[in-house]
Protein chains: 2
Amino acid sequence: MELSERKKRILHAVVASHIQTAEPVGSRTVARSYRIGLSSATIRNEMADLEEMAYLEQPHTSAGRIPSQKGYRYYVDHLMGAGQLTEKEELSICRSLSFDKMREIEQIIANAVRVLSSVTNQTSLIMGPQFQKSTFQQMRILPLDETRGLVVLITDSGFIKNKVIDLNQTLSPAELHQVVSYLNQKLYGLSIDQVTTSLINELKRDLFRRLEILEQAFILLEESLREEQQARVFLGGTTNILNQPEFRSVEKIHQMLSLFEKESLLFEILEQNLDEDGIVIRIGTENEHEDIQECTLITAAYKINRRILGSVGVIGPTRMDYQWVIAVLRRLVDQLNETLSSDR
Amino acid sequence: MELSERKKRILHAVVASHIQTAEPVGSRTVARSYRIGLSSATIRNEMADLEEMAYLEQPHTSAGRIPSQKGYRYYVDHLMGAGQLTEKEELSICRSLSFDKMREIEQIIANAVRVLSSVTNQTSLIMGPQFQKSTFQQMRILPLDETRGLVVLITDSGFIKNKVIDLNQTLSPAELHQVVSYLNQKLYGLSIDQVTTSLINELKRDLFRRLEILEQAFILLEESLREEQQARVFLGGTTNILNQPEFRSVEKIHQMLSLFEKESLLFEILEQNLDEDGIVIRIGTENEHEDIQECTLITAAYKINRRILGSVGVIGPTRMDYQWVIAVLRRLVDQLNETLSSDR
DNA sequence: TTTAGCACTCTAAAGCAGCGAGTGCTAACT
DNA sequence: AGTTAGCACTCGCTGCTTTAGAGTGCTAAA
């Protein structure tokens, strides 16, 4: 079901105009401002066709048309071009991410979400790197005082986790060292996913034969793994949705903001698009999750050394400046990948 | 300017009723539901007096009265009793905080703000413990590989900061150890505030004589101090303000939510009440900050081992269930103090 | 000093008219 | 056949008037 060239141009015009103004678009507007060289009457006919084909819809009889979900989809797939960033936008993305090579990964992530929302004027969200998917590098235990120690766990992708633990029995430095190096040897290179409870138990049995200690350390290890089951989701610019005319009513705002407070839900939503490479665009009901079926979610995966770590995206009303947002997101992910991959 | 007993009872009734219903309170309502044993006409006269004395105000001529800021203040200071928590509330505070003795301080804080907002149905905020005010305990450097090391900085109140640094020159373990123990010796027991740039420079000069290294470690030290200049503020239940009838308009919502996004501002606000012991109640314009002069802020300081670390509070419209919110906050802070102080 | 009664005020809700943007249809034009 | 001008029609929006009701302040009687 291919559209005629003329229909394409008209659809394009309607979508573009509606994205800008948030108002229904009338035939007159299309005729005048998008110099198609046809009268409004002709365009009216074409628009009626497009409506019948479900690319456009009418809020009420005497209003202009707005793009339907199908219309946006067609626009995204066939009509829009490649967006261009202004120098200013380019610069702020660059600056806020490239400077931080020394910083910890969580800070880079937090920065990324901040720029993304401030540049796009949308709400943006990013899944923190999944602890689970990174691999064990080393573990240390620092004695703090007579009874307590600090366990530090380091993974390849720059994660550093630490916990204070009780060392029930006082332990000679030599013994402690022995235990720790045993663990390091056993665990090195495993992904955190692979450090299962059963593996831990096995190790524990193994060690108990030699030293009756570190019960606590193991509890910690398990706990810390369980806790991090799920990566954090960082949000930026949540108030930006208040500027969107489609969220003028308090109920809608409430609905969206409550959604944003449910971190685990956001995680699920972001996780679904994780496998796919490149940019994923989900318009309206293309989103599986009910609460965002009036929104568009645009996401992209980011990587460390070519391995996908998490995803970052923008959420807003289906009336979104796709072309531009996609360009921004693409640029940001490139920069993010580079920043993360270099010197790690 | 003491109020007559009767006026007190009427003022009490008006405040109580308005807190519950959010509507202006008429003389009839007071007469009927608060069994004062007077007719509405009498109460009308008294209310007129109270209005003249600025305890009450009238939205418009033919409406009931609502408490003025002064009215709320009087209520808080002289009229309200001690609130009682239900068992359920008591329990959820207890449970969400007492279980976590082993957890890190930031998680306890995060939990606290979550319970507080969910129990009170208000937005709650808590200032993370001030890194600045805690004292240096020890510092370690763990070599990660040939060129990088992990600096771990531990303070008395359970803070653990860490950073990956480049060790430009490779360094023998012995030398590294020497430097670190020198630093530990010099810095132990100082509050982080006291670790000024000039002190660092001094140490640096001192060390340079012996070892031409660790430039990076010092940069880190300085940076990390500067970064943490300001404690984090945790927010909970930001969407709760949407349930308050005084925030029905999108502009007000916008105003409040934007405020919530400015962490540094929230910090300032919380910091002002830091010195005072016990519960601080700021109603309307009693707040210094313009943006919250239509709100009431109730805060309390929390402590570790009797030393004030930060403050936790609730923010909402001036029409707030003071009695109850205060009881909840008081209970929460007690629990929080206990949880934090035990075994640290 | 208290209270019943009453006139008065003001808001919020409901009903109604006119405006204007935009449509669909028809007939004329190229 | 495709395009366009013209026109009647639809319908939400705006502003106006009206009405109902809640609550007041005042006065005069108890």
Side-chain angles (χ1 to χ4, degrees), chain A residues 3-11 13-18 20-68 71 245-246 248-250, chain B residues 3-11 13-18 20-68 71 245-246 248-250:
Chain A
L3 292 181
S4 74
E5 199 55 39
R6 200 165 73 180
K7 283 201 172 55
K8 282 187 191 174
R9 292 184 64 186
I10 291 171
L11 178 56
V14 172
V15 173
S17 167
H18 183 64
Q20 273 227 319
T21 64
E23 298 291 321
V25 184
S27 53
R28 238 176 107 80
T29 315
V30 174
R32 253 196 306 197
S33 38
Y34 290 84
R35 42 190 77 189
I36 301 189
L38 294 170
S39 75
S40 68
T42 314
I43 291 173
R44 261 202 300 284
N45 288 327
E46 293 285 45
M47 280 167 80
D49 288 356
L50 283 168
E51 184 176 358
E52 204 167 346
M53 292 189 248
Y55 291 103
L56 297 179
E57 45 199 37
Q58 235 176 343
H60 56 264
T61 338
S62 71
R65 287 354 194 262
I66 60 175
S68 67
E246 23 277 280
R248 242 179 239 145
S249 86
V250 179
Chain B
L3 292 182
S4 72
E5 198 56 39
R6 200 166 74 181
K7 283 202 172 55
K8 282 187 191 174
R9 292 184 65 187
I10 291 171
L11 178 56
V14 172
V15 173
S17 168
H18 183 64
Q20 273 227 319
T21 63
E23 297 291 322
V25 184
S27 54
R28 238 177 107 79
T29 316
V30 174
R32 252 195 308 196
S33 38
Y34 291 85
R35 43 190 76 189
I36 301 188
L38 294 170
S39 76
S40 68
T42 313
I43 290 174
R44 260 203 299 285
N45 287 327
E46 293 285 45
M47 281 167 81
D49 288 355
L50 283 167
E51 184 177 357
E52 203 167 346
M53 293 189 250
Y55 291 104
L56 296 180
E57 45 198 37
Q58 236 175 343
H60 55 264
T61 336
S62 71
R65 271 30 180 243
I66 60 176
S68 68
E246 23 277 280
R248 242 179 239 142
S249 85
V250 179

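Worth saying up front: this structure is predicted, and the values here are computed from it rather than measured. Computation of the quantities below employed the complete heavy-atom set of this structure, encompassing side-chain atoms and omitting hydrogens, waters and symmetry-equivalent molecules.
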Nearest of [options] to any side-chain atom of [X]?
{"X": "E51(A)", "options": "dG24(C), dT4(D), dC11(D)", "result": "dG24(C)"}
{"X": "T61(B)", "options": "dT3(C), dC10(C), dT24(D)", "result": "dC10(C)"}
{"X": "S62(B)", "options": "dT3(D), dG24(C), dG23(D)", "result": "dG23(D)"}
{"X": "L38(B)", "options": "dT3(C), dG6(D), dT4(D)", "result": "dT3(C)"}

Report yes if a donor N or O on one partner sits less than 3.5 Å from an acceptor N or O on the other, where the partners are the side chain of R28(B) and the base of dG23(D); otherwise report no.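 Check fails, no donor-acceptor contact within cut-off.
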Starting from [atom2] on [N], measure out to [atom1] on [X] and report it in whole angstrom.
{"X": "M47(A)", "N": "dT3(D)", "atom1": "CE", "atom2": "P", "result": "16 Å"}
{"X": "I43(A)", "N": "dC25(C)", "atom1": "CD1", "atom2": "P", "result": "18 Å"}
{"X": "R44(B)", "N": "dA22(D)", "atom1": "CZ", "atom2": "P", "result": "14 Å"}
{"X": "L56(A)", "N": "dG24(C)", "atom1": "CG", "atom2": "C1'", "result": "16 Å"}
{"X": "Q58(A)", "N": "dC11(D)", "atom1": "CD", "atom2": "P", "result": "10 Å"}
{"X": "E57(B)", "N": "dG23(D)", "atom1": "CD", "atom2": "P", "result": "18 Å"}
{"X": "E46(A)", "N": "dT3(D)", "atom1": "CD", "atom2": "P", "result": "7 Å"}
{"X": "E52(A)", "N": "dT23(C)", "atom1": "CD", "atom2": "C1'", "result": "15 Å"}

Could you pick out which residue, S40(B) or H60(B), lies toward the 5' side of DNA chain C when each is mapped onto its nearest nucleotide?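 The residue mapped nearer the 5' terminus is S40(B).
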Select from P59(B) and P24(A) the residue whose nearest nucleotide in DNA chain C is closer to the 5' end of that strand.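 The answer here is P59(B).
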Worked verdict on L38(A) versus R6(A) for side-chain contact (heavy atoms from CB on, under 4.5 Å): CA-CA 10 Å; L38(A) 294 170; R6(A) 200 165 73 180; 3.3 Å; yes
Mind running side-chain contact (heavy atoms from CB on, under 4.5 Å) on L56(A) and L11(A) for me, showing each step along the way? CA-CA 8 Å; L56(A) 297 179; L11(A) 178 56; 3.8 Å; yes
Under 4.0 angstrom between [X] side-chain N/O and [N] OP1 or OP2:
{"X": "S39(A)", "N": "dT3(D)", "result": "no"}
{"X": "S27(A)", "N": "dT23(C)", "result": "yes"}
{"X": "R65(B)", "N": "dT24(D)", "result": "yes"}
{"X": "R6(A)", "N": "dT3(D)", "result": "yes"}

Just checking A63(B): base, sugar-phosphate only, or nothing, at a heavy-atom cut-off of under 4.0 Å?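 The answer is sugar-phosphate, as A63(B) gets under 4.0 Å only of primed atoms, P, OP1 or OP2.
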Could you tell me if the side chain of V14(A) sits less than 4.5 Å from the side chain of Y55(A), heavy atoms only?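 The answer is no; the side chains never approach within 4.5 Å.
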Kindly compute the distance separating CD1 (I43(A)) from CZ (R65(A)), expressed to the nearest 0.5 Å.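 Between atom CD1 of I43(A) and atom CZ of R65(A) there are 12.0 Å.
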Decide yes or no on side-chain contact (heavy atoms from CB on, under 4.5 Å) for T29(A) and T21(A), but give the supporting numbers first. CA-CA 11 Å; T29(A) 315; T21(A) 64; over 6 Å; no
